[in-house]
Amino acid sequence: MTVVERNNEYYSSVIFLNAALPLLKVIVAETKLAQSFATKSGKIQFAFTDEAGVKQGCHFSIEEGEWQVLSAVCPEPVDVELYFADRQHFNRFFKGQSKKLPQIKGWWQLGLLLPLFRALLKMQALLSAKVAPPDEATQLLLIKALFYLLSAGISQLNKAGHPVVRKWTQSSPDRVFAWSLTGHPDIAAYVRIKAGNSKAVRGSYERSQPFFTMRFADPESALGILLQTADLLQLTATQKLIMEGAPEFGAKIGDMMMLVGELAQP
Amino acid sequence: MGITYTSIETTKLSTAEVYGRRLTELAAQDERIVVLTADLAKSTKIGSFMEKFPERFYNVGIAEQNMIGIAAGMAKCGLIPFTSTFAVFNSCRALDQVHSDVCYQNINVKMIGSHAGTSFGQAGSTHHAIEDIAIMRSLPNLTVIVPADGTETANAVAAALEVQGPVYIRINRGFDQVVYPRPDYDFTLGKAIELRAGSELTLIACGSAVFQALQAASELKAAEGLQVRVLDMHTIKPLDKEAVLRALKETRRILTIEDHSIIGGLGGAVAEVIAESGCACAFKRLGLADCFSPIGYHEDLMSHHGIDSNGIVQAARELLQLEFEESEDWGDEL
């Protein structure tokens, strides 16, 4: 049996399966797409067959417009499946490097398929943004999506055994690293790490002050950093970016953010 | 997406820099204030004073003993010298001069020991000050202050100026988490500040441990509904004995937390008060357990020595004889 090599291709697929694709739920819930799914029920799956011949994937269970994300191949038949030939095809498609469509199983389920494609296009447009979107609603949605992508991405890489992330979490006591946007308490996320374990959570950590928080003063500065269009030092000096915690640990979480970004981009 | 930066550009966050700025403000109002450093002007963030008042700034070179001796002479002439060096050099290398030139003569020298505790963790044990509170509080006439953050450091510097006699202010390397977002709280020398009310346990902390104690109290409240009192014991000498005795009687359980040896520091001072009261109390001192520290980042060393919020929570559980179930749910929210 072929051993699946834990390389960047592997970790990119982990990010897309378990951190990026779950954002579909957020994007649908927070845009007009919610109406398209309002009365819909069914199961949608994204999958590919890995180097060892094992099917990998994630799926969404939708009940009357309510989405549930499940990080595994569905054990039962699904209504719609986007099936990619292999891991490379899967990664290249979501990195925007391949226009080759996946095999669509259940294509006749147009009631699910058409809004799903609209949601995928919306997600692609959002996550491939190079500059801040013009309207504030889209800016806020993008920030939220990126916070969720970063927290889940870091945690998923840890769970998948990425050596850099794993080394960091294994040596760490119980600590919470958070991202937040001033004035928008609903736009926040954190990752808790402890002795090799990790957990990504949406929202704010309420039990105490996180070990480290990257707090942005406004959407412009948040997107400036997250999209790498602004000068970090200038934003820090002008209090647009507030690091609550020791700078060494800000640098460390910055490294982890970079890692997720590199694996999710072409 | 991502972020890269170095700590060099974030010096504005440093507690030591707050001290430098506040002292510069005070010096504008009081011409008697002079500053001496032992070739550590940059590290101790006293550069702002040097730029504003170059004629009142003295760099004595790497000679801490001389610095204290010169400061004592200046004080004898009516000046108010503030000395700046690392806490370990102030309390150990220059101890003879602190003892004989300053404290014995009860003269008006203000000594600022920075990079205290394990806050300069990467520099190694030669630069860790883990005995300074014990040493300095045993010296007659000397007031000892351990501020919790930058704001409290500014208040401590102003309060030290009001004291007619020697004062030792122990501060960290910097980057302390904020305990006091505003300066206008009730800071009085010798009076502990109750940061959180509670009846089941009291955490008495100083310096960087205050923030950790607050976080631990929040965690204990969230996890078990415990009402934990938190005292910022910023003045180690004179100690607020009334606050200790009140905690003793009202909560019956006390944990002290300090970035210092458990021998002779805050824990020792509180233990003396408890022992002399004749009252029984569940009591534990958290700090460096009579050992030198390994090298590392301050936060990691605090964790290593059990004086971060996790360590305090664990010690509280043991003191209260409570069994807590660890959350084993490590599934990501998707």
Side-chain angles (χ1 to χ4, degrees), chain A residues 18-19 22 25 58 68-71 146 148-152 155-156 159 171-175 189 191-192 194 197-203 206-209 211 214 225-228 232-233 236-237 241 243-251 253-262 264-265, chain B residues 1-14 119 121-122 172-179 181 196 208 211-224 228 296-306 308-314 326-334:
Chain A
N18 300 329
K25 175 184 168 184
C58 69
Q68 186 186 2
V69 183
L70 296 144
S71 307
L146 290 174
Y148 291 176
L149 175 65
L150 290 167
S151 56
S155 183
Q156 286 293 324
K159 288 175 167 74
S171 62
S172 176
D174 199 345
R175 286 173 176 168
V191 59
R192 179 183 167 209
K194 179 186 176 185
N197 294 309
S198 62
K199 181 180 177 73
V201 182
R202 296 168 177 183
E206 304 288 356
R207 288 170 61 133
S208 63
Q209 191 169 321
F211 177 75
M214 194 173 283
I225 294 298
L226 296 168
L227 302 177
Q228 292 186 299
L232 185 139
L233 293 178
T236 305
L241 168 60
M243 308 276 194
E244 295 173 352
E248 293 87 353
F249 295 91
I253 196 69
D255 290 345
M256 299 301 154
M257 291 165 68
M258 289 285 281
L259 186 60
V260 172
E262 284 163 8
Q265 286 171 357
Chain B
M1 82 191 70
I3 181 170
T4 51
Y5 69 109
T6 71
S7 59
I8 298 166
E9 283 79 11
T10 57
T11 50
K12 68 190 297 293
L13 304 173
S14 156
S119 68
Q122 307 97 306
N172 291 327
R173 179 177 65 108
F175 315 120
D176 296 315
Q177 294 268 26
V178 175
V179 174
R196 197 178 169 110
S208 54
F211 176 82
Q212 301 297 333
L214 275 173
Q215 303 317 308
S218 293
E219 289 280 349
L220 289 164
K221 169 72 175 166
E224 287 297 314
V228 177
Y297 291 137
H298 187 207
E299 288 73 13
D300 289 337
L301 296 182
M302 290 186 86
S303 173
H304 175 82
H305 296 295
D308 66 344
S309 59
N310 296 320
I312 299 167
V313 166
Q314 182 62 34
E326 281 286 334
S327 166
E328 293 300 327
D329 176 15
W330 290 100
D332 292 333
E333 185 180 349
L334 299 175

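Throughout, protein chains are lettered first and strands after them, A, B, ... in sequence-line order, and every chain is numbered starting at 1. Just the heavy atoms: all of them, side chains too, but no hydrogens, waters or symmetry mates, feed the values below.
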Visitor: Ion pair present between A:Arg175 and B:Asp300, side-chain N to carboxylate O less than 4.0 angstrom?
Guide: yes
Visitor: A:Gln156 and B:Asp332: which non-hydrogen atoms are nearest, and at how many Å?
Guide: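 Closest pair (atom of A:Gln156, atom of B:Asp332, distance): NE2-OD2, 2.8 Å.
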Visitor: Go through the steps for B:Phe211 and A:Gln209 under the test side chain to side chain contact (heavy atoms under 4.5 Å, CB included), then give the verdict.
Guide: CA-CA 9 Å; B:Phe211 176 82; A:Gln209 191 169 321; 3.5 Å; yes
Visitor: Any chance you could measure A:Phe249, atom CZ, to B:His298, atom NE2, to the nearest 0.5 Å?
Guide: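 So the gap between those two atoms works out to 10.5 Å.
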Visitor: Counting only non-hydrogen atoms closer than 4.5 Å, does A:Gln68 touch chain B with its backbone (N, CA, C, O), its side chain (CB onward), both, or neither?
Guide: neither
Visitor: Could you look at B:Gln122 and say if it's the side chain, the backbone, both or neither that has a heavy atom under 4.5 Å from chain A?
Guide: side chain
Visitor: Find the one option among B:Asn310, B:Asp308, B:Leu334 whose heavy-atom pairs under 4.5 Å with chain A are most numerous.
Guide: B:Leu334
Visitor: So how far is it from B:Gln212 CD to A:Ser208 OG, rounded to the nearest 0.5 Å?
Guide: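 Reported value, rounded in 0.5 Å steps: 9.5 Å.
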Visitor: Between B:Glu333 and A:Arg202, which heavy-atom pair has the shortest distance, and what is it?
Guide: OE1-N, 2.9 Å
Visitor: Please classify the contact of B:Gln177 with chain A as side chain, backbone, both or neither, using a heavy-atom distance under 4.5 Å.
Guide: side chain
Visitor: Please name the pair of heavy atoms, one in B:Trp330 and one in A:Lys159, separated by the smallest distance, quoted to 0.1 Å.
Guide: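 In this case the closest contact between B:Trp330 and A:Lys159 is O-NZ, 2.8 Å.
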Visitor: Looking at every non-hydrogen atom in both residues, tell me the closest pair between B:Glu219 and A:Arg207 and how far apart they are.
Guide: OE1-NE, 3.0 Å
Visitor: With a 4.5 angstrom heavy-atom cut-off, which part of A:Tyr148 approaches chain B: side chain, backbone, both or neither?
Guide: neither
